[in-house]
S.K.: 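Below: one structure in C-alpha cells.
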Number of protein chains: 2
Amino acid sequence: MSKSENTEVTNNEAESVKDEKKLKFILDKVKDHSEICPVRDVIHRISDKWSLLSILALGTHGTLRFNTLKREIGDVSQRMLTVTLRNLEEDGFVSRKIYAEVPPRVEYQLTDLGEGLMQQALQLAEWVNAKLPQIVSSRKEFVKKA
Amino acid sequence: MSKSENTEVTNNEAESVKDEKKLKFILDKVKDHSEICPVRDVIHRISDKWSLLSILALGTHGTLRFNTLKREIGDVSQRMLTVTLRNLEEDGFVSRKIYAEVPPRVEYQLTDLGEGLMQQALQLAEWVNAKLPQIVSSRKEFVKKA
DNA sequence: CCGGATCCAATCGGATACTG
DNA sequence: CAGTATCCGATTGGATCCGG
C-alpha cells in the first residue's frame with residue numbers, strides 16, 4: 001500500500017517474494033473445506049473427462065449445436081456431453097439457447113467467464129504439451145526403476 | 001515468418017489471430033487419443049483429488065517428510081497420499097529421497113518440472129479464486145431456474 | 001515413520017432404449 | 001434434434017490391518 005510499490009518490478013527477487021505470498025494465499029484457499037464453493041470444487045469440475053474438451057471446442061468454433069459439438073469431440077457419449085454441458089452451464093461458463101422450432105435447435109457457446117477459463121486451460125495445455133517429452137521419458141525411467 | 005513479424009505486437013487483433021491458431025493446435029493435441037501420453041492424460045492426473053494440493057504444499061514448504069506433508073494437507077488418507085506422490089514422481093514432478101535411518105525418513109520436494117507445473121496450477125487457482133463470486137452467483141441462479 | 005495390501009462404498013462414465 | 005431414464009462396468013478414494 002506504500003506509494004512507490006509495484007510500479008515497475010523488473011528484478012526476479014521481488015517477483016519471487018510476491019510469488020511466495022501468492023502461493024501461501026492460494027494454498028489456504030485451495031485447502032479450504034468449509035465454504036460452499038471452494039477453489040477445489042471448480043478445478044475438479046473443469047478437470048473431468050469432457051469439460052476441457054468441450055470448452056476448447058466451443059472456443060474454437062464460437063457457437064455449436066448439440067450434435068455438432070458431439071461430432072466435434074468425437075468419442076463422447078450423448079449422456080456425458082449433456083451432463084458436462086449442464087455442469088458448465090451451472091457454473092456460468094457456457095450459455096445455452098433453445099430455439100422453439102421443429103426439429104428443436106439448441107446452441108451452446110462460451111460466456112465471457114467461459115472464455116476466461118479457456119484461456120487458463122489453454123495455457124495449462126500448452127505447458128503440458130511443451131513438457132510432454134520430459135514427462136514421457138520420466139515415466140519410462142520410472143518403470144525401469146521398478 | 002515475414003521479417004517484421006511479431007516483434008512488437010500491441011494490438012489485440014494480431015494477438016487474437018495468434019490465439020486462434022494456438023487454440024486449434026492445442027485442441028488437436030488434447031483431442032488426440034492415439035498416443036501413449038496425450039495432454040489429457042497429464043491434465044487428468046494432476047487434477048485428481050490430491051495432486052494439486054500436494055504440489056502447492058510442497059511448493060510452499062520446499063521439502064517435506066511424508067507425515068509432515070500429510071498433516072499439512074490435513075484430510076488426506078495415508079493411502080491416497082502415497083498413491084498421489086507415486087504418480088507425481090512417475091511423471092517427474094516430485095522427487096523422493098530415502099534416508100537409511102531408523103526410524104526411516106523420506107523427503108519429498110518438487111523437481112524443476114514440478115515447479116513449472118505449480119506455476120501453471122497457481123495461475124489457474126488464482127483465476128478461479130478471483131472469479132468465485134461470479135461462479136457462486138451463477139450456481140444460485142441455476143437452481144432458481146430449475 | 002513410511003508405506004504395502006485388502007476390502008468396500010461412492011462416484012464416474014458408457015450402452016441402450018425411449019420421448020417431445 | 002436434443003435430450004431423459006435405466007442399467008451396469010470401471011475407477012476413485014477411504015478404512016483398516018499389517019510389515020520393514
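Values in this document were obtained by computation on a predicted structure and should not be read as measured data. Just so we're on the same page: letters track the sequence lines, and every chain starts at 1.
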S.K.: Roughly how many Å is it from OH in Y108(A) to P in dC1(D), rounded to a whole number?
M.R.: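 Going from Y108(A) (OH) to dC1(D) (P), I get 14 Å.
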S.K.: Measure from CG on D75(A) to P on dG14(C) and round the result to the nearest Å.
M.R.: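 So the two atoms are 8 Å apart, to the nearest Å.
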S.K.: With the sugar-phosphate defined as primed atoms, P, OP1 and OP2, and the base as all remaining atoms, what B/S/- string results for nucleotides 15-20 of chain D, 5' to 3', for protein heavy atoms under 4.0 Å?
M.R.: B----B
S.K.: Short of 4.0 Å, heavy atom to strand atom, which residues of residues 39-62 of chain B count as contacting DNA chain D?
M.R.: H44(B), K49(B), W50(B)
S.K.: Once you round it to whole Å, what is the distance between P of dA2(D) and CD1 of I73(A)?
M.R.: 14 Å
S.K.: Mind checking the CD-OG1 spacing from E20(B) to T60(A)? Nearest 0.5 Å is all I need.
M.R.: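 Between atom CD of E20(B) and atom OG1 of T60(A) there are 8.0 Å.
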S.K.: Mind checking salt bridge (charged side-chain N to carboxylate O under 4.0 Å, His left out) for E115(B) and listing every partner two or more places apart, or none if nothing turns up?
M.R.: none
S.K.: Any non-hydrogen side-chain atom of F25(A) less than 4.5 Å from a side-chain atom of N129(B)?
M.R.: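 Yes, side chains in contact.
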S.K.: For residues 117-126 of chain B, dump all side-chain donor-acceptor pairs below 3.5 Å to protein atoms at least two apart in sequence or in another chain.
M.R.:
none

S.K.: Decide yes or no for I26(A) and V39(A): does some side-chain heavy atom of the first lie under 4.5 Å from some side-chain heavy atom of the second?
M.R.: no
S.K.: Looking at dG3(D), I'd like to know if its phosphate oxygens (OP1 or OP2) sit under 4.0 Å from a side-chain N or O belonging to R65(A).
M.R.: no
S.K.: Do D32(B) and K29(B) sit within salt-bridge range, that is, some charged N less than 4.0 Å from a carboxylate O?
M.R.: no
S.K.: Determine all donor-acceptor pairs shorter than 3.5 Å in which one atom belongs to a side chain in residues 73-86 of chain A; sequence neighbours excluded.
M.R.:
from, atom 1, to, atom 2, distance (Å)
D75(A), OD2, H33(B), ND1, 3.0
D75(A), OD2, H33(B), NE2, 3.3
S77(A), OG, M80(A), N, 3.3
T82(A), OG1, Q78(A), O, 3.0
T84(A), OG1, M80(A), O, 2.7

S.K.: Hey, does V136(A) have a side-chain heavy atom less than 4.5 Å from the side chain of R139(A)?
M.R.: no
S.K.: Report yes if some heavy atom in the side chain of T111(A) is under 4.5 Å from a heavy atom in the side chain of V94(A); otherwise report no.
M.R.: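 T111(A) vs V94(A): side chains apart.
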S.K.: Starting from P on dC1(D), measure out to CZ on R96(A) and report it in whole angstrom.
M.R.: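 The distance from CZ of R96(A) to P of dC1(D) comes to 17 Å, rounded to the nearest Å.
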S.K.: Would you say H44(A)'s side chain and R40(A)'s backbone share a donor-acceptor pair under 3.5 angstrom?
M.R.: no
S.K.: Without swapping roles, check the side chain of S51(B) against the backbone of R45(B) for a donor-acceptor pair under 3.5 Å.
M.R.: yes
S.K.: Between residues 80-94 of chain A and DNA chain C, which residues have a heavy-atom gap below 4.0 Å?
M.R.: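 Those residues are M80(A).
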